[in-house]
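The structure under discussion appears below in the form of structure tokens.
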Protein chains: 2
Amino acid sequence: MTTEYAQLLKAHALKATFQRTQILEVIERYGHIAIEKIYEEVSKVHASLSLATIYKNILLMVEKGVLTEVPIIGQKSKYEIAKEEHIHLICTSCGTVMDKMLDVDTAQDTEKVAETSGFSLDHRQLNLYGLCEACRG
Amino acid sequence: MTTEYAQLLKAHALKATFQRTQILEVIERYGHIAIEKIYEEVSKVHASLSLATIYKNILLMVEKGVLTEVPIIGQKSKYEIAKEEHIHLICTSCGTVMDKMLDVDTAQDTEKVAETSGFSLDHRQLNLYGLCEACRG
DNA sequence: TCCTTTACAAATAAAAATTATCGTAAGGAA
DNA sequence: TTCCTTACGATAATTTTTATTTGTAAAGGA
Ligand SMILES: [Mn+2]
Ligand SMILES: [Mn+2]
Ligand SMILES: [Zn+2]
Ligand SMILES: [Zn+2]
């Protein structure tokens, strides 16, 4: 429902405007989605929406931690609602992005790698590229 | 030396032009570098170079497997000479990208994760974001 | 309530990044 | 060297992203 997104926005000190809740609704529905596609989708229910409003709000919501950017080799970045740390399985044929939990051991390993390089780790981003079940045939 | 890059290009069925070897020389020197910076650097030794030539060749060399794209949260992609699989430590303050080997256990873990999702894994991309030694102070 | 302030969205405009076109130049096989 | 093919440079054209301006509407205080 719409109040869910209103809550999320307010929790991050952002006003819950119609445009923002619509953007969030579309992102949630797609899971992971690129800017242009958000514009396309939101436009269906709100024809007068400006593309600049999308850009402005995506940037703002990433800054505030409501959204996460998922940069991908050979494509434009996709965005998702920020959630618990996880990894991505990305199909190089159809472009689908699937979430998977990161297992604890792997997480600890990366901590060590960072430490031994004098690096203070903030966050991880693991993408696995390949073919999804459907595209393998 | 310059013949080194000529070899690399020919090994991938690409003509060894002056522009291409210069681009590779700059990428090697920086380790990881964005398009605009490549242009800036190559222009110093070859003032008449066209930016379109950079784009065309980067795209081509990525396609042919000479280069690898490194997509990064909040920045434009950087490019590097393709090499053995490794991970990246990325400083969110100064932007530096550092290479680290991926340890074998972690690699095997990701294989399993992919498998159990019916996904045929092709390649991994792990970025660790944080502060480098210099930027921690 | 009325006034003042602030935040947003929309509509451009502007700038930056990327791709396409085409005539000329250079690489490389023979 | 000669010839064929491919790549480069010089734009032009698109696409993507950011900045400005203006009009409203919500928020807060007197
Ligand atoms: Mn995700
Ligand atoms: Mn690297
Ligand atoms: Zn697929
Ligand atoms: Zn740093």
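In what follows, every chain begins at residue 1, and chains take the letters A, B, ... in the order their sequences are listed.
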Test log, rule side-chain contact (heavy atoms from CB on, under 4.5 Å), inputs A:H88 and A:H32: CA-CA 10 Å; A:H88 292 118; A:H32 308 81; 3.2 Å; yes
Whole-Å distance separating the CD atom of B:Q75 from the C1' atom of D:dT17: 17 Å
Electrostatic pair A:E41:A:R29 at N-O distance under 4.0 angstrom: yes
Separation of D:dT6 C1' from B:K10 NZ (nearest whole Å): 14 Å
Sugar-phosphate, base or nothing in reach of A:L49, heavy atoms under 4.0 Å: sugar-phosphate
Phosphate OP1/OP2 of C:dA10 contacted by A:H46 side-chain N/O (<4.0 Å): yes
Donor-acceptor pair, side chain of B:E69 and main chain of A:G74, under 3.5 angstrom: yes
Distance, rounded to the nearest Å, where A:Y39 contributes OH and D:dT15 contributes P: 14 Å
Test item: B:N127 side-chain N/O and B:P71 main-chain N/O as donor-acceptor pair under 3.5 Å: yes
B:Q22 CD - D:dG9 P separation (whole Å): 11 Å
Most 5' of B:A16 and A:N57 on DNA chain C, judged by nearest nucleotide: A:N57
Between A:R136 and B:S120: side-chain donor-acceptor atoms closer than 3.5 Å: no
Bending between helix ends of the helix from C:dT1-D:dA30 to C:dA30-D:dT1 [5 pairs per end, 10° resolution]: 40°
Below 4.0 Å: OP1/OP2 of C:dT18 and any side-chain N or O of B:Y55: yes
Distance test, side-chain N/O of A:T17 to OP1/OP2 of C:dA9, below 4.0 Å: yes
Whole angstrom value for the distance that separates C1' of C:dT6 from CG of A:L60: 15 Å
Backbone N/O of B:I73 and side chain of B:Y129: donor-acceptor pair under 3.5 Å: yes
Steps toward side-chain contact (heavy atoms from CB on, under 4.5 Å) verdict (B:V66, B:R20): CA-CA 11 Å; B:V66 178; B:R20 285 175 186 166; over 6 Å; no
Contact under 4.0 Å: A:R20 side-chain N or O vs C:dC8 OP1/OP2: yes
Minimum-distance nucleotide to B:L51 side chain [options: C:dT18, C:dA9, D:dT17]: C:dT18
Whole-Å distance separating the CG atom of B:L14 from the P atom of C:dA29: 13 Å
Nearest-nucleotide 5' precedence on DNA chain C, A:S48 against A:K76: A:S48
Minimum-distance nucleotide to B:A52 side chain [options: D:dT16, C:dT19, C:dT18]: C:dT19
Selection from D:dT16, D:dT5, D:dC8 that lies nearest to any side-chain heavy atom of B:K15: D:dT5
Phosphate OP1/OP2 of C:dA26: any B:Q19 side-chain N/O under 4.0 Å: no
Nucleotide C:dA9, atom P - distance to CE of A:M61 in whole Å: 9 Å
Residues B:K112 and B:E115 bridged, charged N to O under 4.0 Å: no
Separation of atom CD1 in A:I38 from atom P in D:dT17, rounded to whole Å: 11 Å
OP1 or OP2 of C:dA11 under 4.0 Å from side-chain N/O of A:S50: no
